[in-house]
Amino acid sequence: MDKKKFYITTPIYYPSDKLHIGHTYCTVATDAIARYHRLRGEDVMFLTGTDEHGQKIEDKAKEAGVTPQEFVDKIVCGERGVLDLWKLMNISNDRFIRTTDDYHVAAIQRIFKKLYDNGDIYKGTYKGKYCKPCESFWTESQLKDGKCPDCGREVQDAEEEAYFFRLSKYADKIQDLLENTDFLQPRSRVNEMVNNFIKPGLEDLCVSRTSFTWGVPVDFDPGHVVYVWVDALSNYITALGYENDKYDDYKKYWPADVHIVGKEIVRFHSIIWPAMLMSLGEPLPKHVFGHGWLLLDGGKMSKSKGNVVDPYILAEHFGVDALRFFLMRTFPFGTDGNFSNELLIQTINTDLANDLGNLVSRTTAMVGKYFGGKLPAGCGKWDTPESFDTELIALASGLRARYEEAMDAYAPHKALDEVFKVIQRANKYIDENAPWTLAKDMEQNGARLAHVMYNLLEATRICAILLTPFMPESMDKLFAQIGAGEDCRTWDSAAAWGGLSDAAAPTKGENLFPRVDMEKALQELEAAAEAARKAALPDIELEPQLTEQVDFDTFCKSDFRAVKVKACENVKKSAKLLKFTLDDGTGVDRQILSGIAAYYKPEELVGKTLLAIVNLPPRKMMGQESCGMLISAVHTEKGEEKLNLVMLDDKIPAGAKMC
Ligand code: ME8
């Protein structure tokens with residue numbers, strides 16, 4: 001029999017900056033759902049990728065002094081880039097698409113032409129605002145205080161020739177799709193779409209631009225590039241071979257079972273994308289699921305706000321599986337959640353170290369201690385079960401069904417909640433049976449104790465199967481520790497109590513989830529974040545040069561002289577000031593105070609020839625007079641301000657004029 005197909009996608013990421021924990025959240029969730037379907041024996045296609053075109057990338061590349069392709073290559077394929085992150089996070093995507101891939105670009109040109117040929121794309125005029133110096137088009141809403149958001153200058157009304165997609169034509173069909181089917185989930189997002197976008201009147205969509213070039217060119221009208229969302233959304237079909245020869249499984253996998261997307265891009269996926277597919281005459285995806293955001297300090301993470309959390313730091317610190325688990329366990333998938341390091345550590349300590357970790361280590365240690373690591377054959381059966389035996393067995397036996405219901409409703413947090421109810425029940429079962437008391441009389445209670453151990457291992461096995469999509473690596477290790485072979489790690493065996501052989505030989509292994517010392521970890525995270533922030537800072541940063549000019553005569557009024565340091569000392573009660581006694585060639589000592597104590601020790605300056613401006617009006621600082629100013633060079637290095645006094649050749653006599 002053919003396996004059931006399951007096609008699942010994540011949004012393809014903008015490589016305009018490095019990815020943060022919010023992006024990781026979305027991809028880990030999709031990965032867990034994909035792994036769940038593989039566990040069920042389905043033929044899964046899991047797609048992710050990068051969305052690499054558009055003005056934002058073109059601008060960023062220009063800023064960085066590289067080509068747009070070089071810019072995206074570095075973020076996608078470079079060290080600690082997108083591909084590295086997904087590898088680290090153990091993301092099991094079957095395919096990775098880049099919208100700059102040749103086959104995708106060619107397919108987009110064909111898709112655009114198809115839409116044009118069937119009359120759904122027409123040429124019109126795009127009205128907007130134009131900033132002449134920047135050569136940039138803006139919409140009214142993009143302006144900052146009515147001015148160009150880039151340079152702050154006045155903008156003017158402008159028009160640009162552009163192609164439009166007849167989105168308005170599909171308004172009724174889309175409304176019907178949203179309101180009368182389960183296409184868009186969670187259901188709460190439907191009203192938002194219908195009330196905010198469809199009811200006010202769907203306007204036709206501008207789908208080409210001529211004001212920048214980093215995009216897929218419209219091949220039948222040079223100068224136009226395809227709107228980035230038409231290019232990006234189509235990835236879901238081009239990656240299967242739609243309108244290209246690179247792949248040939250479009251028929252096999254399309255329509256997608258689900259597009260997992262963040263809530264701010266639900267609009268594109270639930271209105272524009274189905275309209276495009278309707279126009280192309282292709283089937284619609286079965287579901288779009290709009291998940292919530294991870295918030296930091298109450299706001300969405302974004303690089304421009306500076307409030308991003310680096311998934312590399314967290315995964316390296318706590319382990320990939322602990323991080324994957326935390327993301328899925330803590331935040332209800334359809335709503336926003338507040339991220340914090342404290343919450344992460346708490347979850348690791350409570351659920352993984354205490355509940356799951358303890359259950360496994362206590363049970364395997366007891367089997368080692370009381371039975372030499374091997375349970376006696378037949379211990380899986382017990383003729384006169386206690387009520388707590390029945391309760392544990394019933395709860396664990398019904399777990400798969402409850403888990404399945406939650407996973408199928410895209411509620412991984414609920415599925416995990418069900419698993420942890422069983423883990424907590426099993427821990428309680430240890431206390432109820434008090435194995436240490438039973439072990440006091442092995443002759444009398446040995447068989448009962450073996451049965452208790454078996455029940456614990458068996459409940460753990462079922463939980464571990466269902467935790468595999470979330471923590472694949474750790475569950476492999478856990479199976480080995482409880483002595484569960486391949487045949488009893490399967491989806492089928494998760495619904496059948498008694499899958500574990502009663503001759504299993506568990507071994508107490510490494511501690512899978514060590515307890516985290518909250519205070520120490522928080523300090524280390526802060527230090528790691530600070531080091532990463534510093535590493536990302538530019539090596540050297542210079543003050544921008546002044547554009548305002550001074551006339552030559554004004555400049556000549558400044559009297560710069562070579563001065564020799566006769567004496568130098570710290571000014572009492574000031575951390576900043578040094579007091580210099582200088583020979584300026586006049587025969588009378590000159591005193592200058594300078595705020596450079598952080599950079600020099602007084603003794604290292606005595607005897608040096610420095611540069612000073614000597615005709616500034618005298619100033620009082622900390623009660624002492626300063627007659628002039630010493631000249632220094634300043635710059636910023638890795639975010640830290642650096643200062644160097646300008647030192648002259650000692651051959652230059654005191655008082656020599658600089659000109
Ligand atoms: O939107 N919490 O790319 P993107 C949760 N290229 N999810 C978050 C998040 C946060 N703090 N921050 C971002 C794009 N995301 C388009 C997609 S698909 C055809 C094109 C999610 O890199 C965000 O909601 O800006 C989105 O689903 C995904 O990361 C990619 O965002």
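Counting begins at 1 with the first residue of the sequence. Order of listing sets the numbers, starting from 1, for every ligand and every atom in it. Computed from a predicted model, the values in this text were never measured in an experiment.
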If we ignore hydrogens and angles and just use 3.5 Å, is the side chain of W293 paired with the main-chain N or O of G262 as donor and acceptor? no
Quick check on contacts: which atoms of ligand 1 are under 4.0 angstrom from a heavy atom of Y236? 18 (S), 19 (C)
Within 45° of the ring axis of Y14 and under 6.0 Å from its six-membered ring centre, is that where the NZ or CZ of K56 lies? yes
Is the contact between F268 and ligand 1 made by the side chain, the backbone, both, or neither, using heavy atoms and a 4.0 Å cut-off? neither
Under 4.0 Å from one or more heavy atoms of A232, ligand 1 contributes atoms 19 (C)
Which residue holds the protein heavy atom closest to atom 12 (N) of ligand 1, what is that atom called, and what is the gap in Å? H20 CE1, 3.3 Å
Please state which part of I265 comes within less than 4.0 Å of ligand 1, counting heavy atoms only: side chain, backbone, both or neither. side chain
Specify the protein heavy atom at minimum distance from atom 23 (C) of ligand 1: its residue, its atom name, and the distance to 0.1 Å. E264 OE2, 3.2 Å
At what distance is the nearest protein heavy atom to atom 25 (O) of ligand 1, and which residue and atom is it? Y14 CD1, 3.6 Å
Taking only residues two or more places apart in sequence, or in another chain, which ones meet K252 in a side chain to side chain contact (heavy atoms under 4.5 Å, CB included)? K5, D43, D249
Cation-pi, Y126 ring and R209 (6.0 angstrom, 45 degrees): yes
Could you check whether the rings of H259 and W273 sit parallel, tilted or perpendicular, using 30° and 60° as the cut-offs? tilted
Residue-ligand contact W229/ligand 1, heavy atom below 4.0 Å: yes
Closest protein heavy atom (residue, atom, distance) for atom 11 (N) of ligand 1: L294 O, 3.0 Å
Where do K123 and H224 come nearest, in terms of heavy atoms and distance? CE-NE2, 4.1 Å
Is a donor on one side and an acceptor on the other found under 3.5 Å between the side chain of R189 and the backbone of G290? yes
N235 (side chain) donor-acceptor with T99 (main chain) under 3.5 angstrom: no
Heavy atoms only: give me the nearest Y25-G292 pair and the separation to one decimal. CE2-O, 3.7 Å
Option of least heavy-atom distance to atom 10 (C) of ligand 1 (set: G262, C26, P15, G22): G22
Check: D182 main-chain N/O paired with H287 side-chain donor or acceptor under 3.5 Å: yes
What protein heavy atom is closest to atom 31 (O) of ligand 1, reported as residue, atom name and distance in Å? H23 CD2, 3.9 Å
Classify the side-chain pair E52/T50 by whether it contains a donor and acceptor separated by less than 3.5 Å. yes
Atoms in ligand 1 with a heavy atom of D51 nearer than 4.0 Å: 6 (N), 16 (C), 20 (C)
Distance filter under 4.0 Å to H291 heavy atoms, resulting ligand 1 atoms: 5 (C), 7 (N)
Tell me whether ligand 1 is touched by F339 - counting only heavy atoms on the residue side and a distance under 4.0 Å. no
Give me the nearest non-hydrogen protein atom to atom 28 (C) of ligand 1 as residue plus atom name, then the distance to 0.1 Å. Y13 CE2, 3.6 Å
Which atoms from ligand 1 have a heavy atom of G292 less than 4.0 Å away? 5 (C)
Residue and atom name of the nearest protein heavy atom (relative to atom 16 (C) of ligand 1), distance in Å to one decimal: I12 O, 3.4 Å
